[in-house]
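Just below is one structure, and these are the notes that go with it.
The chains referred to below are lettered A, B, ... by the order of the sequence lines, with proteins before strands, and numbering in each begins at 1.
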Amino acid sequence: MNTYEKIYEVVKRIPKGTVATYGQVARLAGNSHWARVVGYALHVNPDNGEIPCYRVVSKDGRVSEAFAFGGANIQRRLLEADGIEFRDDCVIMEKYQWETPFY
DNA sequence: CAGTTGACGGCCC
DNA sequence: GGGGCCGCCAACT
């Protein structure tokens with residue numbers, strides 16, 4: 001299993017109506033030092049239809065302006081469609097962050 | 001082959 | 001509290 005494969009697996013496991021941080025995904029993928037790699041993995045994003053990259057946000061709950069789909073506003077709309085609320089352009093992490101028991 | 005960059009995170013000032 | 005710097009890994013030039 002490649003590094004990217006793991007990352008994609010984790011991203012696809014993110015429950016609907018929940019968001020995860022890059023660090024969180026990296027940690028679940030096996031290494032907490034892959035935050036940047038996670039970003040790159042989602043950047044190449046081979047399957048934007050099956051990989052909900054919009055559920056991955058920065059540690060602050062902020063989304064990237066360089067979002068591949070057309071901008072942070074698109075990502076925000078997708079998240080809102082999943083029932084996730086925003087507070088001042090930031091996802092309410094305390095409420096919607098994916099609480100991973102341990103994986 | 002070596003240097004630089006990147007959808008980040010954490011610590012220091 | 002806000003801003004800046006360094007570190008991590010993999011891909012790109």
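For A:Tyr40, the ring-ring contact (aromatic ring centres under 6.0 Å, His included) partners are A:His43, not counting sequence neighbours. Qualifying salt bridge (charged side-chain N to carboxylate O under 4.0 Å, His left out) partners for A:Lys59, counting only residues two or more places apart in sequence or in other chains: none. Contacts of A:Glu50 classified as salt bridge (charged side-chain N to carboxylate O under 4.0 Å, His left out), with partners at least two apart in sequence or in another chain: none. Judged as a side chain to side chain donor-acceptor pair (under 3.5 Å), and not counting sequence neighbours, A:Tyr4 has no contacts. Every residue meeting the side chain to side chain contact (heavy atoms under 4.5 Å, CB included) condition with A:Thr3, not counting sequence neighbours, appears here in chain and number order: A:Ile7, A:Trp34, A:Val37. Not counting sequence neighbours, the partners of A:Asp89 by the side chain to side chain contact (heavy atoms under 4.5 Å, CB included) test are A:Arg62, A:Arg76. For A:Arg36, the salt bridge (charged side-chain N to carboxylate O under 4.0 Å, His left out) test picks out no residue, with sequence neighbours left out. Under the side chain to side chain contact (heavy atoms under 4.5 Å, CB included) criterion, A:Ala20 pairs with A:Ile14, A:Gln24, A:Val25, A:Trp98, not counting sequence neighbours. Applying the salt bridge (charged side-chain N to carboxylate O under 4.0 Å, His left out) criterion to A:Arg77, with sequence neighbours excluded, gives no partner residue.
As rounded to whole Å, 12 Å separates atom C1' of B:dC8 from atom CD1 of A:Ile7.
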Measure all distances between protein nitrogen or oxygen atoms and nitrogen or oxygen atoms of nucleotides 10-13 of chain B, and list the pairs falling under 3.5 Å.
| residue | atom | partner | partner atom | Å |
| --- | --- | --- | --- | --- |
| B:dG10 | N7 | A:Lys59 | NZ | 3.0 |

Hey, what are the protein-to-nucleotides 2-6 of chain B N/O distances that come in under 3.5 Å?
| residue | atom | partner | partner atom | Å |
| --- | --- | --- | --- | --- |
| B:dG6 | N7 | A:Arg36 | NH2 | 2.9 |

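Chain A approaches DNA chain C over the interval C:dG7 to C:dC12, counting the first and last nucleotide 5' to 3' with an atom under 4.0 Å from its heavy atoms.
Annotation: the span from A:Ile92 atom CD1 to A:Glu85 atom CD amounts to 5.0 Å, rounded to 0.5 Å.
Judged by closest nucleotide on DNA chain C, A:Ala35 is the one of A:Tyr4 and A:Ala35 placed further toward the 5' end.
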